[in-house]
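Okay, so here's the structure we're looking at.
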Amino acid sequence: MDLTGMLLIAMPGMGDPRFAHAVVLVCAHSAQGAMGLVVNKPAAPGVGWAVLAEQLGLAVEAGVTGAGVSVQFGGPVEPGRGFVLHSPDWPLDRPPLLQVVPGVVLTSTRDILEDIAAGRGPERALLALGYAGWGPGQLEAEIGANGWLTGAGDAELVLGVANLKKWDAALRRLGVDPLSLSAAAGRA
């Protein structure tokens, strides 16, 4: 089963605290493994758009605040690498490189950051630092061990819902009341 474009919703018994109450958008999945971005956990305190723009030496146009750019912890792998999930209105001069789900495009090149700094970026964007990665069969095993629920990827949930509400919203879209979940797994 190809999980590309699906959401992984951490179960209460998730053993890795970095993924507690996490919502992950799976950006690529194959027999070789999977790659996804956590979409509901902010980056370390003090790491926001202005700080990153300065660190990267981006020329920020006067009046451009980057207020529409959320800076997130994308996952524990390569935390110095950035990925931008954004609305498909950028770039205007060519088709998106990788549409993950309708309404959500993944870009990992510096030009999107330069355009955001210049006020020419996408309407909505989430900048993820790092990513979540799984080796062959690892993600499937974690799902089988009750570590994750899966649901369809959704642009509004990924780019429009506040971080603190995404986990709850993702579960409710599946018809699951978060209060009814148990950290214990079992087999019938």
Side-chain angles (χ1 to χ4, degrees), residues 2-10 18-19 21-30 33-44 47-53 55-56 58 64-134 139 148-171 173:
D2 184 1
L3 297 171
T4 302
M6 298 295 285
L7 291 175
L8 302 175
I9 306 151
R18 298 171 297 185
F19 293 105
H21 289 93
V23 177
V24 178
L25 178 62
V26 179
C27 299
H29 182 242
S30 70
M35 178 270 189
L37 297 170
V38 177
V39 297
N40 69 324
K41 293 187 177 275
V47 178
W49 168 249
V51 170
L52 285 176
Q55 287 178 351
L56 294 171
L58 298 173
V64 175
T65 64
V69 180
S70 171
V71 181
Q72 307 284 68
F73 164 75
V77 183
E78 293 189 55
R81 187 166 178 199
F83 301 88
V84 181
L85 292 171
H86 59 90
S87 51
D89 54 338
W90 183 94
L92 298 176
D93 61 340
R94 65 181 191 273
L97 298 177
L98 179 61
Q99 179 174 291
V100 182
V101 296
V104 180
V105 176
L106 173 66
T107 302
S108 60
T109 57
R110 183 179 169 95
D111 56 342
I112 190 169
L113 300 175
E114 292 168 348
D115 278 1
I116 290 170
R120 298 185 306 266
E123 182 179 325
R124 299 193 300 180
L126 180 155
L127 172 57
L129 300 176
Y131 66 94
W134 294 267
L139 178 56
W148 302 99
L149 286 176
T150 60
D154 176 87
E156 186 55 35
L157 187 121
V158 171
L159 298 174
V161 175
N163 281 344
L164 292 176
K165 296 181 180 180
K166 283 183 184 177
W167 186 76
D168 230 41
L171 288 170
R173 287 175 188 213

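Nothing fancy with the numbering, it's 1 onward along the sequence.
- The closest side-chain heavy-atom distance from V100 to V158 is not below 4.5 Å.
- Within the model, atoms OG1 of T109 and CD of E114 stand 8.5 Å from one another, a figure rounded to the nearest 0.5 Å.
- Under the 3.5 Å distance criterion, the side-chain polar atoms of W90 are left unmatched by any main-chain donor or acceptor of I112.
- Rounding to the nearest 0.5 Å places CG of L3 at 11.0 Å from OG of S30.
- Checked by atom type and distance alone, the side chain of K41 never pairs as donor or acceptor with a backbone atom of Q72 at under 3.5 Å.
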For this session: Using the side chain to side chain contact (heavy atoms under 4.5 Å, CB included) rule, take V23 and V38 through it: C-alpha gap first, then chi angles, then the decisive distance, then the call.
Result: CA-CA 6 Å; V23 177; V38 177; over 6 Å; no
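- Within the 4.5 Å cutoff, the side chain of V77 has no heavy atoms near those of the M35 side chain.
- A side-chain donor-acceptor contact under 3.5 Å links R110 to the backbone of L56.
- For L164, the CG atom counts as loosely surrounded, since its 6.0 Å shell holds 12 or fewer non-hydrogen atoms of other residues, nucleotides or ligands.
- Between W148 and F19, the angle of the ring planes goes over 60°, which puts this pair in the perpendicular group of the 30/60° scheme.
- Listed for the D154 side chain is no donor-acceptor partner under 3.5 Å among the backbone atoms of L7.
- With a 4.5 Å cut-off on side-chain heavy atoms, V71 and V51 do not count as touching.
- Remark: the backbone N or O of H29 is paired with a side-chain donor or acceptor of T4 at under 3.5 angstrom.
- With hydrogens and angles ignored, the 3.5 Å screen pairs a side-chain donor or acceptor of S87 with a backbone N or O of R124.
- In this structure, C27 and L85 approach most closely via the heavy-atom pair SG-CD2, 4.4 Å.
- The side-chain heavy atoms of T150 and L8, taken from C-beta on, include a pair separated by under 4.5 Å.
- Distance alone, capped at 3.5 Å, is enough to place a donor-acceptor pair between the D89 side chain and the E123 backbone.
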